[in-house]
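Every chain is numbered from 1, with letters handed out A, B, ... down the list of sequences.
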Number of protein chains: 2
Amino acid sequence: MTPSDGRGSETRERIIEAALETLRQDGFAEASARAIAARGSFNQALIFYHFGSVANLLFEAFSQRSEDQVRRYRAAAADVATLSDLVGIARELHAEDTASGHVTAVVQLMAAAHDPQQSRALLDRFEEWIAIVEDALRRATADTPVASVVPYRQGAYAIAAMFLGIELLARLDPERSEAGDVFDMMAGVARLIEQLGPLVAQAMPQR
Amino acid sequence: MTPSDGRGSETRERIIEAALETLRQDGFAEASARAIAARGSFNQALIFYHFGSVANLLFEAFSQRSEDQVRRYRAAAADVATLSDLVGIARELHAEDTASGHVTAVVQLMAAAHDPQQSRALLDRFEEWIAIVEDALRRATADTPVASVVPYRQGAYAIAAMFLGIELLARLDPERSEAGDVFDMMAGVARLIEQLGPLVAQAMPQR
DNA sequence: GTCTATACTTGGATAGAC
DNA sequence: GTCTATCCAAGTATAGAC
């Protein structure tokens, strides 16, 4: 489609980088071709040459990074054995995002989406994230009573949604974000479930 | 500040209504003075006469509605006695939002905020929501083991964040939203905690 | 208080030189 | 493949008639 489909083009990469940075720092509303070009110190016209439109650029930028991250987190999730591990990954992902702003960018794109086609594309991508959480959740609760109570799919959906909400709030005022405290709390709950598991399991049949 | 600070002005109300409706249906990116005016079938210039700027209008619209809703939900939350009640309220709020789109509008404003002052104002408003959840949570778990394990503040923050995330996702494709299933799941968990409570409480001291 | 008309600004996008 | 210049559309905002 694009003139330089040699993928790894030097400039393409620079443009994508600037686009994500703009999305993260200034938000979607401010992510104009001119603003992005200014941030990356390149010519505004390059965006249209390489990506056709700003909307296209933003989506491609997200799409490419998502692919990378999905690969990485799928690997990390494969090592999850306990609920504590799962919370640990979430905490790590959030910490990374504070620096890279990738999830923040996703939230921006989701909130700004208006054409149904793009909305669906975003949801399809997000589906991969949910699947990773679901997979980790399944493995983490294999031998706990949670397994028979919380449907994995919905549990994963809820966790993923919560993560989006946290990133949404964190961008408003990083200083005031309580993400760290929330992860601490969840870590505590995870530990408790792990410890109480056997006991509850014993009690469950009476239910 | 505004010319007609008689608050209840007929037109002001019409403008606010149209603004929220536009925010809900088309999202922030499309909520221009022209679009809002078209939706409400009034003159575009009225927005500037009554509110000074589009940004101002959107914030005032949100602010006014938030006040109403906070009042209503604070009352509803006062009647919460169990976790199941809490889930019920959440489900109800979500159902209402599917029609009114108020929370959706909040998410749009949050995502689009860029000036620190407005961000802080939004967070301050959101603080009230968290407080309501926290209050309900405290009452709902008074005599369950959860009380001694989940810090109320963080629990409420997490729940509120999840709610925002769900609304964010629901707007992308209402058909595909799994909000209903999530509430079902939470209802199940709530029931379980209520039933298992005494047992776990017995076990807890051994921890 | 509301409408028409319009000035001004910003952003998307393209043409054409290099 | 990159830059300059420019066109055009859309949006904010104001002036002034009614």
Residues 110-118 of chain A side chain polar contacts: donor-acceptor under 3.5 Å, at least two apart:
residue: A:H114; atom: ND1; partner: A:A112; partner atom: O; Å: 3.4
residue: A:D115; atom: OD1; partner: A:Q117; partner atom: N; Å: 3.0
residue: A:D115; atom: OD2; partner: A:Q118; partner atom: N; Å: 3.2

Using the salt bridge (Lys or Arg N to Asp or Glu O under 4.0 Å) criterion, which residues pair with [X]? Sequence neighbours excluded.
| X | value |
| --- | --- |
| B:D181 | none |
| A:R39 | A:D26 |
| B:E17 | B:R65 |

C:dG1 phosphate, OP1 or OP2, under 4.0 Å from B:S9 side-chain N/O: no
Base-contact (B) and sugar-phosphate-only (S) positions in nucleotides 5-18 of chain C, heavy-atom cut-off under 4.0 Å, - elsewhere: ------BBBB----
What is the distance, to the nearest angstrom, from the [atom1] atom on [X] to the [atom2] atom on [N]?
| X | N | atom1 | atom2 | answer |
| --- | --- | --- | --- | --- |
| A:I47 | D:dG1 | CD1 | P | 16 Å |
| B:R12 | C:dG1 | CZ | P | 10 Å |
| A:E10 | D:dG1 | CD | C1' | 13 Å |
| B:L46 | C:dT2 | CG | P | 6 Å |

Under 3.5 Å donor-acceptor pairs involving side-chain atoms of residues 155-166 of chain B, not counting sequence neighbours:
residue: B:Y157; atom: OH; partner: A:E178; partner atom: N; Å: 3.3

Nearest non-hydrogen partners of B:R176 and A:R120, listed with the distance: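 Looking at all heavy atoms of both residues, the shortest contact is NH1-CG, 3.8 Å.
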